[in-house]
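In what follows, a single structure is set out as structure tokens and then discussed.
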Amino acid sequence: MLAVRASGIHTSLQSLQRSQAASGLNLRGDMQEASSLMGTYLDGANAALNDGNLTQAKSFMEKAERQIEKLEKFLNR
């Protein structure tokens with residue numbers, strides 16, 4: 001489920017960035033950071049799952065969830 005939510009967020013952020021760039025603006029720095037962290041944590045969760053480390057995977061997924069929630073709130077989802 002996190003990957004599906006993250007994918008939707010990624011698409012929305014790309015659209016927003018294109019729209020803002022056309023006006024000479026950039027995405028807020030904190031939202032850029034949250035997006036980057038979301039991706040990093042999801043990658044970490046996948047790597048941990050592939051290694052069979054369920055404890056570490058859960059930790060990464062919880063961290064990703066926090067970033068996803070922050071981005072969803074920003075995007076009014």
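Keep in mind it's a predicted model, so treat the numbers as computed, not measured.
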> Are Gln32 and Ser36 close enough, and set up right, to give a side-chain contact (heavy atoms from CB on, under 4.5 Å), and what steps lead you there?
Replying inline: CA-CA 6 Å; Gln32 289 176 351; Ser36 177; over 6 Å; no
>> For residues 67-77, which residue pairs pass the side chain to side chain donor-acceptor pair (under 3.5 Å) check, not counting sequence neighbours?
In response: Arg5-Glu72, Ser12-Arg77
> Rest of the hydrophobic cluster containing Tyr41 (Ile/Leu/Val/Met/Phe/Trp/Tyr, side-chain heavy atoms under 4.5 Å)?
Replying inline: Leu37, Phe60
> What's the shortest heavy-atom distance between Ala48 and Ala57, and which atoms?
Replying inline: CB-N, 3.5 Å
>> Please list all pairs meeting side chain to side chain donor-acceptor pair (under 3.5 Å) that have one or both residues in residues 16-28, counting only residues at least two apart or in different chains.
In response: Arg28-Asp30
> Does anything in residues 43-55 pair up under side chain to side chain donor-acceptor pair (under 3.5 Å), and if so which pairs, sequence neighbours excluded?
Replying inline: Asn53-Gln56
> Okay, side chain of Thr11, backbone of Ser7: is any donor-acceptor separation there less than 3.5 Å?
Replying inline: yes
> With a cutoff of under 4.5 Å between side-chain heavy atoms, which Ile, Leu, Val, Met, Phe, Trp and Tyr residues group with Leu71?
Replying inline: Leu2, Ile9, Leu13, Leu16, Leu27, Met31, Met38, Leu42, Met61, Ile68, Phe74, Leu75
>> Test of understanding: with side-chain hydrogen bond (donor to acceptor under 3.5 Å, both in side chains), list the residues that count as partners of Gln14, not counting sequence neighbours.
In response: His10
